[in-house]
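A quick write-up on the structure given underneath.
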Amino acid sequence: MIKTKIPVQDKEINAENKLVVDEREIEVKIDTSLFAEERWEQNFPHNAKNETLFAYVERIKTAGLMESKAQILSNLKALYCFMESDAIPDFKSFLQMFDLADAEYLTRLVDKIKFVFEIALSTATANAKN
């Protein structure tokens, strides 16, 4: 597994009634083993019925959905399946870590998603050649 960090945001209203944004990173491991496919089947059975996780990532990459911020949920589904971390107990908790209202933050998140997908797809390609 490959260790990396993903950006998450915490927000709260302080004593002066001002919004305070705290951005932090959580450490995760990128898991491209069969367990990623298992997470895909367990968490997204409707999608898994039609295609494998790697086929899904390849399709959204080819369709340009990684470039579209409107399609971020599709990307997060796949990203979740590749992530291993004690800080991510389930998909709902995973989604609640991200604030899509901040355009600058969202750009960094999309860049990280692209990075993880590149690693996952290159690992799958390398394994398929062996």
Side-chain angles (χ1 to χ4, degrees):
M1 285 196 234
I2 302 165
K3 291 182 183 180
T4 189
K5 294 181 181 181
I6 56 172
V8 296
Q9 289 185 336
D10 297 315
K11 293 184 177 186
E12 69 177 322
I13 297 177
N14 66 12
E16 293 84 37
N17 284 329
K18 295 194 179 188
L19 183 64
V20 177
V21 178
D22 178 37
E23 187 168 311
R24 60 188 171 89
E25 293 182 319
I26 60 169
E27 191 169 295
V28 298
K29 294 177 185 172
I30 301 171
D31 179 5
T32 58
S33 73
L34 283 175
F35 191 60
E37 192 68 40
E38 169 68 15
R39 282 192 298 272
W40 174 248
E41 291 177 4
Q42 291 300 312
N43 288 283
F44 310 106
H46 179 72
N47 296 92
K49 180 174 69 172
N50 299 317
E51 60 191 336
T52 67
L53 172 61
F54 289 94
Y56 179 80
V57 170
E58 194 66 53
R59 181 175 59 79
I60 64 176
K61 180 180 178 188
T62 303
L65 296 183
M66 285 193 286
E67 308 301 325
S68 171
K69 293 175 183 163
Q71 298 295 331
I72 196 74
L73 183 59
S74 295
N75 290 286
L76 288 174
K77 282 182 179 180
L79 183 65
Y80 173 73
C81 294
F82 288 118
M83 295 288 165
E84 277 288 313
S85 175
D86 292 337
I88 307 171
D90 56 33
F91 186 61
K92 181 179 177 181
S93 300
F94 178 68
L95 290 178
Q96 290 173 331
M97 294 178 166
F98 306 106
D99 180 2
L100 305 182
D102 181 339
E104 185 179 307
Y105 164 76
L106 189 55
T107 298
R108 289 193 308 278
L109 178 60
V110 168
D111 288 344
K112 183 57 80 165
I113 290 170
K114 288 180 191 178
F115 172 72
V116 171
F117 288 172
E118 286 173 19
I119 289 172
L121 291 175
S122 69
T123 301
T125 302
N127 288 341
K129 291 179 183 175
N130 292 333

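Numbering starts at 1 and runs along the sequence shown.
- Here OH of Y80 is found 15.0 Å from CD1 of I113. Values are rounded to the nearest 0.5 Å.
- A continuous path of Ile, Leu, Val, Met, Phe, Trp and Tyr side chains, each step under 4.5 Å between heavy atoms, connects V116 with I2, placing both in one hydrophobic cluster.
- Between K114 and E118 there is no salt bridge, since no side-chain nitrogen of the basic residue lies less than 4.0 Å from a carboxylate oxygen of the acidic one.
- The aromatic rings of F44 and W40 sit tilted, their planes meeting at an angle between 30° and 60°.
- Distance check, rounded to the nearest 0.5 Å: CD1 of I6 to CD of E25 gives 9.5 Å.
- In this structure, the separation between CG on D86 and CD1 on I26 is 10.0 Å, given to the nearest 0.5 Å.
- Taking 4.5 Å as the limit, some side-chain heavy atom of L73 sits within range of a side-chain heavy atom of L95.
- The heavy-atom pair separating S33 from D31 by the smallest distance is OG-OD1, 2.6 Å.
- Taking NZ of K11 as the start and CG of D22 as the end, the distance is 11.5 Å to the nearest 0.5 Å.
- Put simply, CG on L76 and SG on C81 are 11.0 Å apart, with the number rounded to the nearest 0.5 Å.
- The two residues P7 and F98 make their nearest non-hydrogen contact at O-CE2, 3.6 Å.
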One pair to check against side-chain contact (heavy atoms from CB on, under 4.5 Å): N47 and L53. What are the steps and the verdict?
CA-CA 9 Å; N47 296 92; L53 172 61; over 6 Å; no

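- Hydrophobic clustering of Ile, Leu, Val, Met, Phe, Trp and Tyr side chains at less than 4.5 Å, counting indirect connections, keeps V57 apart from F35.
- A donor-acceptor contact shorter than 3.5 Å links the side chain of Y56 to the backbone of S74.
- Salt-bridge check for R39 with E84: passed, with a basic side-chain N closer than 4.0 Å to an acidic carboxylate O.
- Between F54 and F82, a ring centre-to-centre spacing shorter than 6.0 Å is recorded.
- Both I60 and F115 are assigned to one and the same hydrophobic cluster, defined by single-linkage of ILVMFWY side chains at heavy-atom distances under 4.5 Å.
- Within 6.0 Å of the CG atom in L34, the count of heavy atoms belonging to other residues, nucleotides or ligands does not exceed 12.
- Put simply, OG1 on T4 and NZ on K112 are 3.0 Å apart, with the number rounded to the nearest 0.5 Å.
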Is there a side-chain contact (heavy atoms from CB on, under 4.5 Å) between F94 and L79? Walk through the geometry before answering.
CA-CA 10 Å; F94 178 68; L79 183 65; 3.9 Å; yes

Begin from the C-alpha positions of M97 and I88 and carry the test side-chain contact (heavy atoms from CB on, under 4.5 Å) through to its verdict.
CA-CA 9 Å; M97 294 178 166; I88 307 171; 3.9 Å; yes

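- In this structure, Q96 places its CD atom where more than 12 heavy-atom neighbours from other residues, nucleotides or ligands lie under 6.0 Å away.
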